[in-house]
Protein chains: 2
Amino acid sequence: MLKTKHNIKDIAVGLFYKKGYFATSINEIANGCGIRKASIYYHYPSKEDLLFCILSETMKDLMAHLHNSLAEIEDTEDRIRAAVRGHVQFHLNRQKENFIANSELRGLTREHYRIIVKKRDAYEKIFQDLIQQGIQQGVFSDCDVKILSYAILTLCTSGASWFNPDGRLAVGEIAGIYEKFILNGLK
Amino acid sequence: MLKTKHNIKDIAVGLFYKKGYFATSINEIANGCGIRKASIYYHYPSKEDLLFCILSETMKDLMAHLHNSLAEIEDTEDRIRAAVRGHVQFHLNRQKENFIANSELRGLTREHYRIIVKKRDAYEKIFQDLIQQGIQQGVFSDCDVKILSYAILTLCTSGASWFNPDGRLAVGEIAGIYEKFILNGLK
DNA sequence: GTCTATAATAAGATAGAC
DNA sequence: GTCTATCTTATTATAGAC
């Protein structure tokens, strides 16, 4: 069944988020799924491959989400606003996967690591180009694009480490706070 | 000798930074020190205690560094600038320890975890009070203090994850970039 | 597709000699 | 203070029955 495969991934995401990749055993994942650990290997060839699948899918969806957020928006400042909001929203809505994608890269093999970092770099490049355009058009003050792009992305990503879906603020409100802070900071 | 104890800690910091706490074995630390793994236990009762010592000392020094940065500065905006600069400087100068302090808390026992989080909260409180004062004095625009304090600290802390001591920018320059961005963002 | 059983290895930690 | 030797336990992963 494909259902079990999905279930394994869901349980793994929860455990990797809570305990970390290395501190989580295949046995714990199996217990969470109500199966024996040997059965995991019917669906995934290794623990590392399970991690890679999680990260790979998350990065794919993250990129798709950004393209969606930017679709049909033309003004540069509007595009940055949309990119920032989209980034925050995706990270808060898929908190656990994104936390893992930002903290468990060291668990990957060298080849898998390269693939994920390549995707991450392509994603960051879009933000860097947007900031660069903003500076050229005089919307933003001159600044170090690389450092500020890292700063902005880390900032928004960090929401995923403390965000509580049942907490005081909704995703949209938090996105608004970050958007205001960042756009002020860039001017 | 006290020298060996320090050496163990230094090697452990390097390995925990590079590979992560759970992915690093006592044996690797011992090899790095040129001793056998059993000898580690003469200096530290357990691997977890070694992690706790690293985090504990880092937090102590971080707090002392902040108090130093703020000493004899009275104007609120100047105090925030000094706090931000001090935070960035400490995190870039002691990159590895700070990275560990922000990523390996899950390796601690519950009691040790509580002690470290208590220190971290006290540190954050100082920033929150400063931002609050800035708002009351009309230096900053009204905002969500908790969220922005997390944002500011994460932002500056994040430098520790990509900073290269031999790279293009010096610590002071990076601190300046963050200071400008954050102060703009708060206004 | 899931199970039991087990292989192969490595981990954290301790005992006791020197 | 450091060593060798060892205990105990947990881990990833595989083999083969059902």
Side-chain angles (χ1 to χ4, degrees), chain A residues 1-56 100 103-113 115-116, chain B residues 1-56 100 103-113 115-116:
Chain A
M1 277 200 238
L2 227 84
K3 227 179 137 186
T4 306
K5 193 171 181 178
H6 277 122
N7 195 221
I8 291 170
K9 207 171 63 181
D10 281 353
I11 298 293
V13 165
L15 287 168
F16 292 169
Y17 174 72
K18 193 179 159 197
K19 310 185 56 180
Y21 171 72
F22 286 104
T24 300
S25 71
I26 291 284
N27 203 21
E28 286 174 291
I29 298 169
N31 284 343
C33 298
I35 57 175
R36 301 292 171 180
K37 62 179 174 176
S39 307
I40 300 276
Y41 292 92
Y42 175 80
H43 301 280
Y44 294 94
S46 69
K47 187 184 169 188
E48 189 273 341
D49 197 79
L50 173 54
L51 176 64
F52 176 66
C53 286
I54 291 168
L55 299 191
S56 194
I100 297 165
S103 57
E104 300 293 3
L105 292 181
R106 286 179 300 194
L108 296 172
T109 62
R110 210 182 291 169
E111 305 90 85
H112 283 166
Y113 179 83
I115 294 171
I116 299 296
Chain B
M1 279 199 236
L2 227 85
K3 226 178 137 187
T4 307
K5 192 170 182 180
H6 277 122
N7 195 222
I8 292 170
K9 207 170 65 181
D10 281 352
I11 297 292
V13 165
L15 287 167
F16 292 169
Y17 174 72
K18 192 178 158 197
K19 310 185 58 179
Y21 170 73
F22 285 105
T24 301
S25 71
I26 291 284
N27 204 20
E28 287 174 291
I29 297 169
N31 285 343
C33 298
I35 55 176
R36 301 291 172 181
K37 63 177 175 177
S39 308
I40 301 275
Y41 292 93
Y42 175 79
H43 301 280
Y44 293 94
S46 70
K47 186 185 172 190
E48 190 273 340
D49 196 79
L50 173 54
L51 176 65
F52 176 66
C53 287
I54 291 168
L55 300 191
S56 195
I100 297 166
S103 57
E104 300 294 4
L105 292 181
R106 286 180 301 195
L108 297 171
T109 62
R110 210 182 289 167
E111 305 91 84
H112 283 165
Y113 179 83
I115 293 170
I116 299 295

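Quick note on labels: first sequence line is chain A, next is B, and so on, each numbered from 1. Just the heavy atoms: all of them, side chains too, but no hydrogens, waters or symmetry mates, feed the values below.
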Side-chain N or O of [X] less than 4.0 angstrom from OP1 or OP2 on [N]?
X: T4(B); N: dT2(D); value: yes
X: S39(B); N: dC3(D); value: yes
X: Y42(B); N: dT2(D); value: no
X: Y41(B); N: dA13(C); value: yes

By nearest heavy atom, map E48(A) and I35(B) onto DNA chain D; which one lands nearer the 5' end?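 Here I35(B) is the residue nearer the 5' end.
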
Can you check the [X] [atom1] to [N] [atom2] distance for me, whole Å?
X: K47(A); N: dA10(D); atom1: NZ; atom2: P; value: 15 Å
X: I26(B); N: dT8(D); atom1: CD1; atom2: P; value: 20 Å
X: F22(A); N: dA10(C); atom1: CZ; atom2: P; value: 15 Å
X: N31(B); N: dT2(D); atom1: CG; atom2: P; value: 15 Å
X: Y44(B); N: dG12(C); atom1: OH; atom2: C1'; value: 17 Å
X: R36(B); N: dG16(C); atom1: CZ; atom2: C1'; value: 17 Å
X: N27(A); N: dC3(C); atom1: CG; atom2: C1'; value: 14 Å
X: L51(A); N: dT12(D); atom1: CG; atom2: P; value: 13 Å

Contact check, side chains of [X] and [Y], non-hydrogen atoms, under 4.5 Å:
X: I35(A); Y: N7(A); value: no
X: F16(B); Y: I29(B); value: yes
X: F52(B); Y: T109(B); value: no
X: E28(A); Y: K19(A); value: yes

Given dA13(D), dT2(C), dT4(C), identify the nucleotide with an atom nearest to the side chain of H43(A).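 Output: dT2(C).
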
Over-ring placement of K47(A) relative to Y21(A), 6.0 Å and 45° cut-offs: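 So K47(A) does make the cation-pi contact.
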
Indicate, with a heavy-atom threshold strictly under 4.0 Å, whether S25(B) touches base, sugar-phosphate, or nothing.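 Since only primed, P, OP1 and OP2 atoms lie under 4.0 Å of S25(B), the category is sugar-phosphate.
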
